[in-house]
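The sequence lines fix the lettering, A, B, ..., with proteins before strands; numbering per chain opens at 1.
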2 protein chains.
Amino acid sequence: MIPITVWVVEDDAGFRRTLRNLLNGDEKIRCRRVFPSCGELFAALETDEHPDLLMMDLGLPGMDGVEGIRELSVRAPDVAVLVITVFQEKEKVLEALNAGASGYLLKTATGREIILGIEQVFHGAAALSPEVAKIVLTEVRKPSAGEAFNLSAREIEVLEQLAMDHTVKEIADHLGISRRTAAFHLENIYRKLHVQSQSGAVAKALRSGII
Amino acid sequence: MIPITVWVVEDDAGFRRTLRNLLNGDEKIRCRRVFPSCGELFAALETDEHPDLLMMDLGLPGMDGVEGIRELSVRAPDVAVLVITVFQEKEKVLEALNAGASGYLLKTATGREIILGIEQVFHGAAALSPEVAKIVLTEVRKPSAGEAFNLSAREIEVLEQLAMDHTVKEIADHLGISRRTAAFHLENIYRKLHVQSQSGAVAKALRSGII
DNA sequence: GCAAGCTTCGCATGATTATGCGCGGGCGTG
DNA sequence: CACGCCCGCGCATAATCATGCGAAGCTTGC
């Protein structure tokens with residue numbers, strides 16, 4: 001069986017070694033190269049054969065880990081990235097995942113969890129530490145989904161049309177009602193959403209998951 | 001140490017028994033009650049002391065699992081829900097998580113993973129099977145994140161203000177510029193986003209993750 | 001060094017909105 | 001069988017917006 005080839009970028013020499021030893025202790029994984037910063041990584045990507053997966057720290061000297069991931073997704077989109085870091089702030093997590101990371105593990109993870117995470121990412125799944133999963137979960141969860149504001153079906157239709165870049169006049173035509181009626185619905189929407197402009201209504205509706 | 005009390009709703013008698021035995025095989029967990037459907041669960045919630053956590057199947061006779069979760073989050077918001085199911089469709093996953101589930105495991109998970117998942121959820125984290133994490137990840141990832149439209153910093157500020165329910169006049173005051181300038185920025189935003197109204201711009205900006 | 005793009009502003013006009021006032025019909029709850 | 005809420009429409013006015021024309025200082029990059 002061909003082992004999963006893994007590279008590591010980690011500035012802390014101690015943890016770098018620990019990680020390398022851990023990975024090479026598993027026969028399904030081969031970690032041949034480790035780097036203290038993104039600079040060395042990109043140099044190596046120019047000349048060497050790309051690894052299957054890259055384990056990336058975030059708090060790095062020089063180019064930040066998140067930027068490194070962003071850069072990597074352009075230069076070497078074939079390499080999956082698994083973040084391993086101490087940061088568990090929402091911003092860091094979302095930035096890293098948006099930059100293209102396929103997984104995000106905390107350094108509190110056990111060796112076994114790290115090995116499992118690598119296998120999962122390699123097989124196209126995602127690896128998230130529970131704490132990180134919680135953050136991501138909160139993020140996908142839509143606030144309350146509409147019912148809260150008691151918008152009528154017609155009002156939601158109007159909102160959807162608004163968000164589709166239509167004017168009140170166009171909305172009236174599309175819904176087969178007069179512009180006055182469309183405007184009337186809009187007034188009620190303003191009242192229910194506590195806003196006073198089309199933009200505000202659309203913003204609130206989108207952020208609340210109503211549309 | 002007080003064990004984590006867990007209840008189970010699962011229509012398949014075989015898997016129900018397997019699950020119960022698995023849970024009670026761990027000294028940190030106590031599974032005293034299992035139900036074949038949501039009806040029995042809600043009846044028990046009326047009379048008995050609530051469990052710490054509920055493991056919930058999704059494909060259930062009578063009330064669907066997702067609806068059950070929704071109902072539970074109203075009737076017994078103190079009970080955490082961990083979904084265990086065979087469904088790995090994006091819709092099901094997001095529905096369940098939006099309904100209030102704190103975790104989502106596939107039935108392919110190992111006993112160890114299930115036990116771990118329960119502990120994680122009990123400790124306020126989230127438990128997601130790797131395949132599920134992948135789905136959730138794809139969902140949080142913002143489409144293109146702004147740069148694609150080449151909006152200037154000022155233009156993004158204007159958009160943010162618009163989404164905050166401000167009029168062009170107010171935006172001008174807040175940014176310390178004339179209304180004509182604010183309107184000018186808006187024109188450029190329209191051009192760059194290919195829209196022709198404030199509402200359309202706000203909708204596109206929000207959906208694209210620009211703001 | 002100069003072209004290009006961003007940011008800033010004034011003036012003006014026609015289009016569009018926001019909103020108050022009135023009016024009528026339908027549906028579900030108490 | 002009212003009462004409240006949703007849906008539909010007209011008229012009118014004041015405010016706001018969209019946009020064309022013209023102009024200028026600044027930063028960025030070839």
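Legend: residues meeting ring pair (Phe, Tyr, Trp, His ring centres under 6.0 Å) with B:Y190, ordered by chain and number and at least two apart, are absent. Judged as a ring pair (Phe, Tyr, Trp, His ring centres under 6.0 Å), and not counting sequence neighbours, A:H194 has no contacts.
Using a 4.0 Å heavy-atom criterion, one finds that A:Q196 contacts no nucleic acid atom at all.
Once you apply a 4.0 Å limit to the heavy atoms of chain B, the touched nucleotides of DNA chain D run 5' to 3' over D:dC17 to D:dC21.
In this structure, A:K92 satisfies the cation-pi test against A:F87, with its NZ or CZ atom closer than 6.0 Å to the six-membered ring centre and inside 45 degrees of the ring normal.
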Atom pairs, protein N/O to nucleotides 28-30 of chain C N/O, distance under 3.5 Å:
none

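Comment: A:E10 engages A:K107 in a salt bridge, judged by a side-chain N to carboxylate O separation of less than 4.0 angstrom. Using a 4.0 Å cut-off between charged nitrogen and carboxylate oxygen, B:E187 and B:R180 count as a salt-bridge pair.
Against DNA chain D, the stretch residues 176-187 of chain B makes heavy-atom approaches under 4.0 Å through B:R180, B:A183, B:L186, B:E187.
With B:D52 contributing its side chain and B:F122 its backbone, the two residues share no donor-acceptor pair below 3.5 Å. Remark: side-chain polar atoms of A:S129 are not paired, donor with acceptor, to backbone N or O of A:E131 under 3.5 angstrom.
Applying the salt bridge (charged side-chain N to carboxylate O under 4.0 Å, His left out) rule to pairs touching residues 73-87 of chain B yields B:E46-B:R75, B:E71-B:R75, sequence neighbours excluded.
Taking only side-chain nitrogens and oxygens, B:K192 comes nearer than 4.0 Å to OP1 or OP2 of C:dC6.
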